[in-house]
Amino acid sequence: MVAEHVADQITQPKTAQTASGKERHAASLSRTPLDEPVTDWNRQHLLDVDTFSKDEILRVLSTASAMAEVLDRSVARTPALRGVTIFNLFYEASTRTRSSFELAGKILGADVINVSGSGSSVEKGESLVETLNTLSAVGADAVVMRHHASGAPWLAARTIDGHVINAGDGQHAHPTQALLDAYILLQEFGDLSGRKVVIVGDILHSRVARSNLWSLTTLGAEVTLVAPRPLLPSALASGAAEREHPLSLPPVRVESDLDQAIVGADAVMTLRIQNERLRGKLLPSSAEFARRYQLTQERMELAAPDAIVMHPGPMNEGVEIAVDVAHSPQSRIEAQVSAGLAIRMAVLFLLIRGSA
Ligand code: CP
């Protein structure tokens, strides 16, 4: 499947806006029948996108496109996952990911139960493994999991028989965010080969940056990471990622000067400083960080004329991103949130209805 073909599918809902609800419904069913077995998907879990092929990424995105058409119906409901029980197990705060996974499951007809660290037996000292065994014992078919410990979803995948979906683990991976970011970029540009994507901000603590690094380079984009040295992983700060090195990171450029890195960029993704993970690190003041790394309109003028602005949220407007840029016509930040719903529907559908 080539990127252009998928991009056509992804952009179709825009052109389909003139069609009647019935025609749109028919179009979505003709592309990704939601009531037939999924025979070309063999993954049981979504832990990260680092091992995903280009075709696998595009399969998720084209399924999300069909889901976007479901969302466009007057009654956005389908029984594709009727009888399935999904637990949202969130040990860390979330607005976008948690609410969109909950809604995604419900739109697909599944029973969705939310469990969080506070208010559950986790507060009484129950371990993660015991919690997972408990959810399994009450009939979890899938567990969508956010945890502060990097690697926790891999432990979950070894513990339960059902599907595990990583909704963000520590500073390690956030695969559905990377997939929705790829969806937005393909919708915008059609093909990412040679497209320049700049990711700027707190790279060190960003699971979003880590997952995006894999998916964007797999789709052919040229990725530049921009941060002050204390906010870069040590392998990147030392320049090791630009050579072949044991961590086998995909090829990326690393810059400390945003004004240089942004020249000609097709997309600029800004990241907040994750104060909750700083643990006493010495950083420039907020004012100094903003002076050197805030995405301003002046800086956006150095990017390509049709460049877009992205942010995974939550934003600290006035720190990593200027208020006017966050709400400018170039901003795709709200579109990212909306795409998150279709992407999470697609992920639940493929994993649960797939043949793994
Ligand atoms: N982007 C993201 O993961 O947002 P939430 O923390 O609100 O889920």
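Each ligand, and each atom within it, is numbered from 1 in the order the structure gives.
The hydrophobic cluster containing V138 also includes L47, F87, L89, Y91, I113, V115, V122, L128, V129, L132, L135, V143, M145, W154, L155, I160, V164, under a criterion of side-chain heavy atoms closer than 4.5 Å among ILVMFWY residues, counted directly or through chains of members.
In this structure, the side chain to side chain contact (heavy atoms under 4.5 Å, CB included) partners of S118, at least two apart in sequence or on a different chain, are S116, E123. For the side chain to side chain contact (heavy atoms under 4.5 Å, CB included) test, residues two or more places apart in sequence or in another chain that qualify with S53 are D55, E56.
With 3.5 Å as the limit, one finds a donor-acceptor pair spanning the side chains of H174 and R146.
Within the 4.5 Å cutoff, the side chain of D266 has no heavy atoms near those of the V197 side chain. Two residues are said to be in side-chain contact when any heavy atoms from C-beta on lie closer than 4.5 Å; I86 and I352 meet this criterion.
Protein neighbours of ligand 1 below 4.0 Å, counting non-hydrogen atoms: S94, T95, R96, T97, R146, H174, Q177, P312, G313.
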